[in-house]
Amino acid sequence: MSKENQSNTAGIDLQFDRDHLWHPYTSMANALPAYGVVSAEGVELQLEDGTKLVDGTSSWWACVHGYSHPKIVAAMQQQTAQLSHVMFGGITHRPAVELARLLIEMTSPKLTKVFLADSGSIAVEVAMKMALQYWQGKAKPNKQKILTIKNGYHGDTFAAMSVCDPEGGMHTMFGELVTKQLFAPAPQSCFDGDFDPTELSEISNLFEDNHHQIAALLVEPIMQGAGGMRFYHPEYLASLRKLCDKYDVLLILDEIATGFGRTGKLFAYEHSGIEADILCLGKALTGGYISLAATLCSNEVAQGVSDSPAGVFMHGPTFMGNPLACSAAIASLELLQENHWQGQVNAIESQLKQELTEAIDYPNVTDVRILGSVGVLEMNATLNTAELQQQFVDLGVWIRPFSNLIYIMPPYCISSSQLSKLTNAMKTVAKQINLPDDNSAFISHG
Ligand SMILES: Cc1ncc(COP(=O)(O)O)c(C=O)c1O
C-alpha cells in the first residue's frame with residue numbers, strides 16, 4: 001500500500017497514531033491507547049463516537065476559560081488573517097507590545113522586562129541563562145549553579161531537567177549530560193498548617209556554604225505540581241526570599257503551573273507577599289489555546305545581562321513573540337478580569353472542600369489536598385494510568401492520574417454540576433481501586 005492510501009480520511013486513524021506518533025512520556029514499542037477527540041466546547045471534550053467528557057485537567061492546567069471560547073477564537077482568527085507570524089528580530093508588532101504591557105501591569109512592580117518564549121521549558125531555560133549572564137555582568141562569573149528544592153518539576157529540556165527532582169526526575173537516565181545543581185529537601189510544612197522554621201536549616205546551610213557559586217534559587221512557588229501536587233507554607237517561600245537577599249542570590253519563580261489564578265491568588269507568590277527577580281509564565285497565559293511562555297525580569301537583572309561580555313542576551317527563538325499566540329494571550333488575560341476569576345476559583349475551592357474531604361476516610365486514600373481550583377487525592381501506591389483512564393472515560397470525565405495522585409485542575413468556567421461529576425468520579429475510582437501496580441518510571445504529569 002502506498003503511504004497516501006494508508007491514510008484514513010473517514011475519522012482519526014487510531015492505529016496509525018499508535019504505530020507512528022509519539023505521545024508524551026510513552027513508548028512507541030508498546031504504545032498505550034489514545035482517545036480520539038474531534039472537538040471541544042466549554043468544559044467538554046467530544047470523542048469521535050459522540051461521547052462528551054467533562055474535562056478535569058484543563059489540558060494540562062492551561063485551558064482556564066474552557067474550549068472554543070468565542071472571544072479567544074475571534075482574536076486568533078482576526079490575527080491569523082492579519083499577521084500570523086513575523087520574525088521578532090528587528091521587527092515588532094501590536095500583540096507583543098500590548099501583551100508585555102499587560103504582563104508588566106499584572107505582576108509585581110519590580111518586573112519590567114519581558115522575554116516571550118515558545119514553551120514553559122524554554123521560559124525556564126531563558127530564566128536560568130539570564131541569571132548566569134547577570135552574574136557575568138556583575139563580574140562574578142563563578143556564580144553559575146542553580147539551587148532548588150527536591151520534588152520540583154520545571155520542564156523536559158536539559159537545563160530544565162537539571163533542576164527537576166534528582167530522584168524522581170530524569171537525572172539518572174541522562175547521567176553526566178544533566179548539569180549538577182544544588183538540591184535542598186522539599187518543604188514539609190503544609191500550606192494551611194503550622195510553619196516549622198527548623199526545616200530551613202538545610203537550605204540555609206546550602207546558601208551559607210555555596211553562595212559564592214549560586215547564581216539563583218529556582219522554585220515553583222507554593223505548589224509543587226508535576227513533582228507531587230504538594231502545597232507548601234507561604235512562610236517557607238517568604239524565608240527563601242530573605243535567604244536570597246542575605247546571600248546575594250537571584251530568586252527565579254516558576255509560575256508556569258500556578259500563574260493566572262490557579263492557587264487562589266493571581267500569582268502564587270502573592271500568598272507570601274514577595275517578589276521574584278525573574279518570573280516564568282506559561283500554560284494558562286494563552287488560556288491554553290496555543291503555546292506561549294514569558295520570562296519577566298527586573299531592571300537590575302536586565303542591566304546585569306547587558307553588562308556581561310556578550311553585551312546582549314544570548315537567546316532568540318524563531319517563533320519568539322508569535323503574534324497569533326500573543327493575541328490569544330491578550331484575549332485570555334482580558335477574560336480573566338471579565339469573568340471575575342477570583343470568584344470562579346473561590347467557588348471551585350469551596351465546592352472541592354465540600355465534596356472531596358470525605359475521601360480521607362477511604363482505605364487507599366492517604367491525603368486530600370485542596371488549594372484554589374486544584375483538588376488532589378493522594379493514594380497509598382502508584383496508579384495504573386491507562387487502566388484508570390478508561391474507568392474515568394466510562395464515568396464521562398477526563399481525569400488523568402499520575403504517580404500516586406488522582407487530581408483535577410478544571411477550567412475556571414466549570415458549572416457546579418460539572419464539577420460534581422468530576423468529584424464523584426474521583427471518589428468512585430478512589431474507593432474501588434485495586435492497588436498496588438507499579439507503572440511509574442519517573443515523575444511527569446504524563
Ligand atoms: C512548573 C512547571 N514548569 C515548567 C513546565 C514546562 O512547561 P512546558 O511543558 O510548556 O514546556 C511545566 C509543565 O508542566 C511546569 O508545571
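Whatever order the structure lists them in is the order used to number ligands and atoms, beginning at 1.
- Of all the atoms in ligand 1, the ones that sit under 4.0 Å from a non-hydrogen atom of Asp254 are 1 (C), 2 (C), 3 (N), 4 (C).
- Within a 6.0 Å sphere centred on CD of Glu41, other residues, nucleotides and ligands contribute 12 heavy atoms or fewer.
- The residue from Tyr67, Phe392, Tyr35, Trp60 that alone fulfils the ring-ring contact (aromatic ring centres under 6.0 Å, His included) condition with Trp398 is Tyr35.
- Listed by number with element, the atoms of ligand 1 under 4.0 Å from a non-hydrogen atom of Trp61 are 16 (O).
- The closest approach between any non-hydrogen atom of Lys283 and ligand 1 is below 4.0 Å.
- Heavy atoms from other residues, nucleotides or ligands lying under 6.0 Å from CD of Gln390 number more than 12.
- Numbered from 1 in the order shown, with element, the atoms of ligand 1 that lie under 4.0 Å from a heavy atom of Ser121 read 6 (C), 7 (O), 8 (P), 11 (O).
- For Glu355 and Lys427, the salt-bridge test fails: no basic side-chain N is under 4.0 Å from an acidic carboxylate O.
- Looking at Asn299 and Thr112, their side chains do bring a donor and an acceptor atom within 3.5 Å of each other.
- A salt bridge links Asp277 with Arg241: the closest approach of a Lys/Arg side-chain nitrogen to an acidic carboxylate oxygen falls below 4.0 angstrom.
- Counting atoms of ligand 1 from 1 in the listed order, those under 4.0 Å from a heavy atom of Gly120 are 6 (C), 7 (O), 8 (P), 10 (O), 11 (O).
- Applying the 4.0 Å criterion to heavy atoms of Ala257 picks out, from ligand 1, the atoms 16 (O).
- Within the structure, ligand 1 lacks Trp60 among the residues with a heavy atom less than 4.0 angstrom away.
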